[in-house]
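Just so it is clear: chains get the letters A, B, ... in the order the sequence lines come, proteins before strands, and each one is counted from 1.
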Amino acid sequence: MKSFNEKIWELARKVPKGRVTTYKILAEKLGTRAYRAVGTAMNRNPNGLMNCGYSKEMVPCHRVVASSGHLHGFAHGLEKKAELLENEGIKIKDDKIINFEKIVFRP
DNA sequence: CGCAGTCTAGCAC
DNA sequence: GTGCTAGACTGCG
C-alpha cells in the first residue's frame, strides 16, 4: 500500500510535457477531497525541489496548479514555476496559465 | 473577499 | 502514543 504522498507523485508524474494538472484532479483521482493534503504532499515531496524538473523519476510540481489555472504557492517561487512552464511551451500571464482549459491534463 | 470542509505531516505533551 | 496546529486547495455565501 503506497502512501498518500506516493500516489500524488505517481499521478503528477503522468502529466506529459507541455501539459498541466490541478490539485483538485489529483485529489479526485485518489478518491479524496483533501486538496490541501495534495499541496502539502507536493511541498514535502522527498524527490527534492531540484528534481522538480526534467528527470524521469521527478515529480513535475510546476505542472500542478490551482483548479482555476492560476499559479498558487511554489517553494521555488512563482516566477521560477512560470519559467519552467514557459520552457515547456506553456504561456504564463500574470501568474496565470493561458489556454489552461486546452492544456490541462484530465485523466 | 471571507468562512468552512477535508487529509497529511510536523511539533508538543 | 495521542492531540493540536498549520498548510502549494476548493466551494459557497
Atom pair distance, as rounded to whole Å: CD1 in Ile25(A) and C1' in dA8(C)
16 Å
Represent DNA chain C in dot-bracket notation, 5' to 3'. Only Watson-Crick or G-U wobble pairs with both distances under 3.5 Å count; pseudoknot-style crossings use [ ] and interstrand partners use |.
|||||||.|||||
Would you indicate whether the side-chain heavy atoms of Lys81(A) and Val65(A) approach each other to under 4.5 Å?
yes
Evaluate the side-chain proximity of Asn99(A) to Lys91(A): yes if any heavy-atom separation is below 4.5 Å, no if none is.
no
Arg44(A) side chain: which of dA9(B), dC7(B), dG5(B) is closest?
dA9(B)
Rounded to the Å, how far apart are Leu71(A) CG and dT10(C) P?
12 Å
Can you tell me which residue among Val64(A), Leu30(A), Val104(A) is in a side-chain contact (heavy atoms from CB on, under 4.5 Å) with Ile25(A)?
Val104(A)
Closest to side chain of Arg33(A), choosing from dC7(B), dT6(B), dG5(B)
dT6(B)
In residues 94-107 of chain A, what residues come within less than 4.0 Å of DNA chain C, judged by heavy atoms?
none
Length of the OH-P vector between Tyr35(A) and dG5(B), whole Å:
14 Å
Lys24(A) side-chain proximity, nearest of dC7(B), dA8(C), dG11(C):
dG11(C)
Determine, for Glu83(A) against Lys80(A), whether the closest basic-nitrogen to carboxylate-oxygen distance falls under 4.0 angstrom.
yes
Take Phe100(A) and Thr22(A) through the test side-chain contact (heavy atoms from CB on, under 4.5 Å) and record every step on the way to the result.
CA-CA 10 Å; Phe100(A) 169 69; Thr22(A) 72; 3.4 Å; yes
Do Ile92(A) and Ile97(A) make a side-chain contact, defined as non-hydrogen atoms from C-beta onward lying under 4.5 Å apart?
yes
Within this structure, what is the NE2-to-C1' distance between His70(A) and dC1(B), rounded to whole angstrom?
15 Å
Between dA8(C) and Thr40(A), is there an OP1 or OP2 to side-chain N/O distance shorter than 4.0 Å?
no
Counting neighbours of CZ on Arg33(A) that are heavy atoms of other residues, nucleotides or ligands and sit closer than 6.0 Å, is the number greater than 12?
no
Spacing between Glu28(A) atom CD and dC7(B) atom P, to the nearest angstrom:
12 Å
Closest to the Lys81(A) side chain: dC7(B), dA8(C), dT10(C)?
dA8(C)
To the nearest angstrom, the OH-C1' distance between Tyr23(A) and dT10(C) comes to 13 Å
Taking C-beta and beyond as the side chain, do Arg63(A) and Thr21(A) meet within less than 4.5 Å on heavy atoms?
no
Side chain of Asn43(A): nearest nucleotide among dT10(C), dA8(C), dG7(C)?
dA8(C)
Show your reasoning for whether side-chain contact (heavy atoms from CB on, under 4.5 Å) applies to His62(A) and His76(A).
CA-CA 10 Å; His62(A) 60 276; His76(A) 297 188; over 6 Å; no
